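Okay, structure first, notes after.
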Amino acid sequence: MKQLFIILILVIAILPACKKDTAVRTSGTDTIDNTIHMDVTYFAYGFSFSQAKLIATTSAPGPDVVLFLNDDNTPSRLVLQANNRLPSFFKVGEYASDEEAKEVFNNLKTVPEAQQWFSIAEPIVPNQVWIYRANDEKYTKFRIIETVNEMMEDIVAYGECTFKWVHQPDGSVNFP
């Protein structure tokens with residue numbers, strides 16, 4: 001009986017140490033929108049490529065990209081803004097079909113050497129391929145799959161962007 005008790009104590013002591021390591025995904029398809037939320041303060045959700053999830057703009061570290069509607073022109077334009085100090089967006093191209101954009105995205109294996117980086121990505125429309133550069137020089141390629149740009153109840157401009165992405169977490173310019 002004493003041995004059973006000792007074994008039971010050992011099992012109970014060892015079980016909490018047995019954690020399953022869950023790797024952060026480095027690719028996927030996700031959606032962000034421009035909805036403003038209220039907790040203690042106003043915030044929105046952006047997307048973090050390194051954490052592979054939606055992150056509140058009030059979090060530290062914050063999201064990599066946040067979706068906005070630029071109301072300077074009619075109709076409003078969807079815009080992605082980076083949460084860093086670098087010009088962070090390079091537009092690989094805008095394509096006539098989903099198939100063409102998929103092909104370019106899938107065949108994009110490295111960050112092109114000669115490129116012009118922009119502080120914001122605009123306008124965001126389907127069938128575009130972009131590269132995002134983080135402060136720590138880690139790169140993510142993403143393809144715009146679908147967008148929503150509409151007025152809700154004739155007073156609130158709503159935007160949404162669904163994108164497929166591949167993140168390069170080791171800092172190289174080559175995508176897996």
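Source: prediction; values computed, not measured. Here, residue 1 is the first one in the sequence, and each next residue gets the next number.
Minimum heavy-atom separation, Phe90 to Pro112: CE2-CG, 3.7 Å. Shown here for Asn83 and Pro63, the closest heavy-atom pair between the two residues is CB-O, 2.9 Å. Considering every non-hydrogen atom in both Glu100 and Tyr95, the closest pair reads OE2-CD2, 3.6 Å. Among all heavy-atom pairs drawn from Val111 and Trp117, the shortest one is CG1-CZ2, 4.1 Å. Heavy atoms only, all atoms of each residue included: Leu86 and Ser88 are closest at O-OG, 2.8 Å. Summarising the geometry of Ala82 relative to Phe89, their closest heavy-atom pair is N-CE1, 3.5 Å, with the distance given to 0.1 Å.
Dense packing is recorded around CD of Glu150, with more than 12 heavy atoms of other residues, nucleotides or ligands lying under 6.0 Å away.
Ser48 OG to Ile32 CD1: the interatomic distance, rounded to the nearest 0.5 Å, is 11.5 Å. Atom CG of residue Asp39 and atom OG1 of residue Thr58 lie 7.5 Å apart, to the nearest 0.5 angstrom. Distance CD/Gln81 to OG1/Thr57: 11.0 Å, rounded to 0.5 Å. Separating the OG1 atom in Thr26 from the NZ atom in Lys138 is a distance of 12.0 Å, to the nearest 0.5 Å. With rounding to the nearest 0.5 angstrom, the CG atom of Asn127 is 9.5 Å from the CD1 atom of Ile145. Atoms CG and SG, from Asp33 and Cys161 in turn, are 10.5 Å apart once rounded to the nearest 0.5 Å.
Side-chain contact between Ser97 and Lys102: absent, with no pair of heavy atoms (C-beta onward) separated by less than 4.5 Å. A heavy-atom distance below 4.5 Å is found between the side chains of Val166 and Phe105. The closest side-chain heavy-atom distance from Val92 to Ile131 is below 4.5 Å. Considering only heavy atoms from C-beta on, Leu69 comes within 4.5 Å of Asn149 through its side chain. Here the side chains of Glu160 and Thr31 are in contact, with some heavy-atom distance below 4.5 Å.
Remark: the backbone N or O of Ser50 is not paired with any side-chain donor or acceptor of Lys53 at under 3.5 angstrom. Side chain of Thr110 to backbone of Val173: a donor-acceptor contact under 3.5 angstrom is found.
Ring centroid separation for the pair Tyr42 and His37 does not come in under the 6.0 Å cut-off.
With a 6.0 Å cutoff to the six-membered ring centre and a 45° limit on the axis angle, Lys141 counts as a cation-pi contact of Phe175.
In the hydrophobic clustering of this structure, Ile144 groups with Leu54; members are Ile, Leu, Val, Met, Phe, Trp, Tyr whose side-chain heavy atoms approach within less than 4.5 Å, directly or through other members. Clustering ILVMFWY residues whenever any of their side-chain heavy atoms sit less than 4.5 angstrom apart, transitively, puts Phe163 in the very cluster that holds Leu78. A single hydrophobic cluster is seen to contain both Leu108 and Tyr139, as judged by linkage of ILVMFWY side chains at heavy-atom distances under 4.5 Å, directly or through other members.
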Set out, in order, the CA-CA distance, both residues' side-chain angles and the distance that settles salt bridge (Lys or Arg N to Asp or Glu O under 4.0 Å) for Arg143 and Asp98, then state yes or no. CA-CA 10 Å; Arg143 175 175 61 89; Asp98 184 53; 3.0 Å; yes
List the steps, then state whether ring pair (Phe, Tyr, Trp, His ring centres under 6.0 Å) holds for Tyr45 with Phe47. CA-CA 7 Å; Tyr45 284 102; Phe47 192 79; over 10 Å; no
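Side-chain polar atoms of Ser172 and Asn174 form no donor-acceptor pair below 3.5 angstrom. If you check the side chains of Asn84 and Tyr132, you find a donor sitting under 3.5 Å from an acceptor.
Taking the charged nitrogens against the carboxylate oxygens, Arg133 and Asp64 have no contact shorter than 4.0 Å, which rules out a salt bridge.
The only option from Asn70, Val125, Ile124 that meets the side-chain contact (heavy atoms from CB on, under 4.5 Å) definition with Arg77 turns out to be Asn70.
Between Phe142 and Trp130, the ring planes lie parallel to each other; the angle is under 30°, not in the 30° to 60° tilted range.
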